[in-house]
Amino acid sequence: MASKVRQGVRDSPMDHLEYKKVPQMLGQNREKPRLQPYDLPILKHEFCWVCMGPWSDHGNHTGGFYKCNKYNPHSQRNKDESKAELDRFLHYYQRYHNHGQARKFAKKQIEAAEKRMAQLYSKGKETPQWQNVQFLRKSTVQVLECRRVLKYTYVYGYYCHDTKERELFEFLQEDLEKATEKLSELSEQPLESLQRQEVVDFTMFTQKFTDNLLRGLVNGLTK
């Protein structure tokens, strides 16, 4: 399927997404997780933020750490047509809901970013001007925007029945999931190890990727 998807990218109006750069920006190993498993503070249960399933079910043995964005119609759970349709609906709704839940913490995330900006500014050596610490807020806002877009991509995915279009869409959706988590990871690094230019560059890359994805969905990815 990967070869078909890549061919679809070259033949689509999404060429300007510069997919040759995606592997380098996200890391050479596309299957390597760019996000550490989420830990519940009490139970220490590792789970995936996208599907809320056990993190142990994610990895190379399942086809990739971020393959849970795709619905598998051949799952053993789908015993009959009505059950299959319900499973399909729940697959997309759960991911739609999870990204919506993440945005509920938007205000706290921005406040935390502004607090880190003040701490970085107070150091005064490498970043003596307030404008030089604005990148932390911009990266946080971009992460929130990505989660908003990802939330509604699952609505689009639910109603997309064109096989070729859906395959390319899910490929791009998976890359946006990866980019969002990497940007979140980069911007939340400890201040002493924070790389300003890396955060700035990846924020711009993620913004461009998101904008082009939305433009492609409007115009048709495979047209």
Side-chain angles (χ1 to χ4, degrees), residues 22 25-27 32-55 58 65-66 68-69 92-124 126-127 129-157 172-214:
V22 172
M25 295 295 287
L26 295 178
K32 182 179 180 181
R34 311 305 299 180
L35 172 68
Q36 294 299 320
Y38 292 89
D39 294 334
L40 290 177
I42 299 178
L43 300 179
K44 297 298 181 180
H45 173 65
E46 297 179 341
F47 67 96
C48 173
W49 180 257
V50 177
C51 69
M52 304 303 287
W55 187 251
H58 297 67
F65 287 92
Y66 298 90
C68 58
N69 71 308
Y92 289 100
Y93 177 76
Q94 183 181 48
R95 287 152 181 78
Y96 165 88
H97 177 74
N98 290 344
H99 279 295
Q101 289 294 103
R103 283 186 52 80
K104 287 187 176 181
F105 300 99
K107 184 178 180 180
K108 290 184 178 180
Q109 285 181 276
I110 291 178
E111 290 176 349
E114 291 176 342
K115 182 178 180 181
R116 283 161 55 81
M117 288 166 59
Q119 293 174 345
L120 191 60
Y121 177 75
S122 66
K123 293 179 179 297
E126 299 180 358
T127 56
Q129 299 182 6
W130 181 248
Q131 65 183 27
N132 290 338
V133 299
Q134 290 292 324
F135 73 97
L136 281 174
R137 192 178 195 281
K138 289 181 179 179
S139 64
T140 302
V141 170
Q142 183 58 43
V143 168
L144 295 172
E145 173 63 10
C146 287
R147 295 204 184 284
R148 184 186 71 84
V149 171
L150 282 167
K151 174 182 177 180
Y152 290 103
T153 60
Y154 286 99
V155 177
Y156 177 90
L172 302 176
Q173 184 188 49
E174 181 183 352
D175 273 346
L176 182 56
E177 293 274 13
K178 292 179 181 180
T180 301
E181 300 308 336
K182 179 173 181 179
L183 180 58
S184 177
E185 180 182 295
L186 288 174
S187 61
E188 293 175 3
Q189 290 183 33
L191 295 179
E192 56 271 17
S193 58
L194 189 67
Q195 298 296 319
R196 179 182 183 278
Q197 194 58 49
E198 185 178 11
V199 176
V200 170
D201 290 345
F202 203 77
T203 299
M204 294 177 61
F205 167 79
T206 308
Q207 180 180 9
K208 182 178 179 181
F209 187 95
T210 305
D211 291 344
N212 288 334
L213 173 59
L214 291 173

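Since we're looking at a predicted model, the values are computed, not measured.
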Tell me yes or no: between the side chains of Thr140 and Gln109, is some donor less than 3.5 Å from an acceptor? no
Quick check: do Thr210 and Gln142 have side-chain heavy atoms less than 4.5 Å from each other? yes
Hey, can you tell me if Tyr96 and Tyr152 have their rings parallel, tilted or perpendicular (30° and 60° cut-offs)? perpendicular
Just wondering, more than 12 heavy atoms not from Tyr156 lying within 6.0 Å of its OH? yes
How far does SG of Cys146 sit from NZ of Lys151, to the nearest 0.5 angstrom? 15.0 Å
Please state whether the rings of His97 and Tyr93 are parallel, tilted or perpendicular, taking 30° and 60° as the class boundaries. parallel
State, with a plain yes or no, whether a side-chain heavy atom of Leu120 is found less than 4.5 Å away from one of Phe135. yes
Working to the nearest 0.5 angstrom, can you tell me the gap between Tyr92 OH and Thr153 OG1? 10.0 Å
Does the Ser184 side chain pair with the main chain of Thr180, one donor and one acceptor, at a distance under 3.5 Å? no
Output the distance between atom CG (Leu176) and atom CZ (Phe209), rounded to the nearest 0.5 Å. 6.0 Å
Summary of salt bridge (Lys or Arg N to Asp or Glu O under 4.0 Å) pairs that have at least one residue in residues 132-146, sequence neighbours excluded: Glu114-Arg137, Glu145-Arg148
Least distance between heavy atoms, Leu150 atom then Gln173 atom: CD2-O, 4.0 Å
Give a yes or no answer on whether the side chain of Arg196 reaches the backbone of Asn132 with a donor-acceptor pair at less than 3.5 Å. yes
Should the pair Glu174-Lys178 be classified as a salt bridge under the 4.0 Å nitrogen-to-oxygen rule? yes
Between the OG1 atom in Thr206 and the CG atom in Leu183, the distance rounded to the nearest 0.5 Å is 4.5 Å
Nearest 0.5 Å, please: how far is OG in Ser187 from CZ in Phe202? 10.5 Å
Do Gln207 and Asp211 have side chains that get closer than 4.5 Å, going by heavy atoms? yes
Could you tell me if Gln94 and His99 have a donor-acceptor pair between their side chains, going purely by distance under 3.5 Å? no
CG (Leu213) and NZ (Lys208) are apart, to the nearest 0.5 Å, by 14.0 Å
Do Leu194 and Arg116 have side-chain heavy atoms sitting under 4.5 Å apart? yes
Heavy-atom check, side chain of Gln119 versus side chain of Lys115, under 4.5 Å: yes
